[in-house]
Amino acid sequence: MSRRKQKKWINKIANERMEILFNRAEYEFSKHPERSDRYVKLTRSISTKYNITLPHYWRGRFCKKCNKFLKPGANLRVRLSDNTISRTCLECGYTTRVPYTKEE
């Protein structure tokens, strides 16, 4: 059985919905952080349902373990070491490390 190709308009609508939900999560975080966490869960479920990758600018804005929306200074600690950026979720303690190179 061959695999069907997904229609482009479905992907376009899903991308628009994910963008709207992340923007709402960022806007609502200061007043209702639990609401922004719910928006992140909805966005991730849309992403997995339609097999769409998240844009690179939203990938570091939520915890991959507890699905909380992360805002630096509020519930996210960012540390720079020699060649890595460490992001620690202050809700669950999960740490992600991203390598980087220094400019010469």
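- Of the possible polar contacts, one joining the Asn75 side chain to the Phe69 backbone as a donor-acceptor pair under 3.5 Å is found.
- Under the 4.5 Å side-chain heavy-atom criterion for grouping Ile, Leu, Val, Met, Phe, Trp and Tyr, Leu42 is connected to Trp58 within one hydrophobic cluster.
- At least one side-chain heavy atom of Thr53 sits under 4.5 Å from a side-chain heavy atom of Arg59.
- Clustering ILVMFWY residues whenever any of their side-chain heavy atoms sit less than 4.5 angstrom apart, transitively, puts Ile13 in the very cluster that holds Ile46.
- Here the closest non-hydrogen pair linking Arg61 and Tyr57 is CG-O, 3.7 Å.
- You'll find the side chain of Pro99 stays beyond 4.5 Å of the side chain of Asn83, heavy atoms only.
- Both the sub-6.0 Å distance and the 45° axial angle are not jointly satisfied by Lys31 relative to the ring of Phe29.
- Not counting sequence neighbours, Tyr39 has no partner by the ring-ring contact (aromatic ring centres under 6.0 Å, His included) test.
- If you take CZ on Arg97 and CZ on Arg79, they are separated by 13.0 Å, rounding to the nearest 0.5 Å.
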Extract all donor-acceptor atom pairs below 3.5 Å that involve side chains of residues 84-95 and protein atoms in other chains or at least two apart in sequence.
residue	atom	partner	partner atom	Å
Thr84	OG1	Ser81	OG	2.6
Thr88	OG1	Thr95	OG1	3.4

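- No chain of hydrophobic side-chain contacts below 4.5 Å, direct or via other Ile, Leu, Val, Met, Phe, Trp or Tyr residues, connects Phe62 to Leu76.
- Side-chain heavy atoms closer than 4.5 Å link hydrophobic residues (I, L, V, M, F, W, Y) into clusters, and following such links, possibly through other members, connects Leu21 to Ile10.
- Scanning all heavy atoms of the two residues, the minimum distance from Pro55 to Glu19 falls at CG-OE1, 4.4 Å.
- Taking a 6.0 Å sphere around CZ of Arg44, one finds it holds more than 12 heavy atoms contributed by other residues, nucleotides or ligands.
- The distance from the CG atom of Asn11 to the CE atom of Met18 is 9.0 Å, given to the nearest 0.5 Å.
- In terms of modelled atom types and a separation under 3.5 Å, the side chain of Ser47 and the main chain of Thr43 share no donor-acceptor contact.
- Two residues are said to be in side-chain contact when any heavy atoms from C-beta on lie closer than 4.5 Å; Glu16 and Lys12 meet this criterion.
- Here the side chains of Asn23 and Tyr27 are not in contact, with every heavy-atom distance at 4.5 Å or above.
- In this structure, the side chains of Phe22 and Leu54 come closer than 4.5 Å at one or more pairs of heavy atoms.
- Scanning both residues, Leu70 and Gly60, for their nearest heavy atoms gives CD1-O, 4.4 Å.
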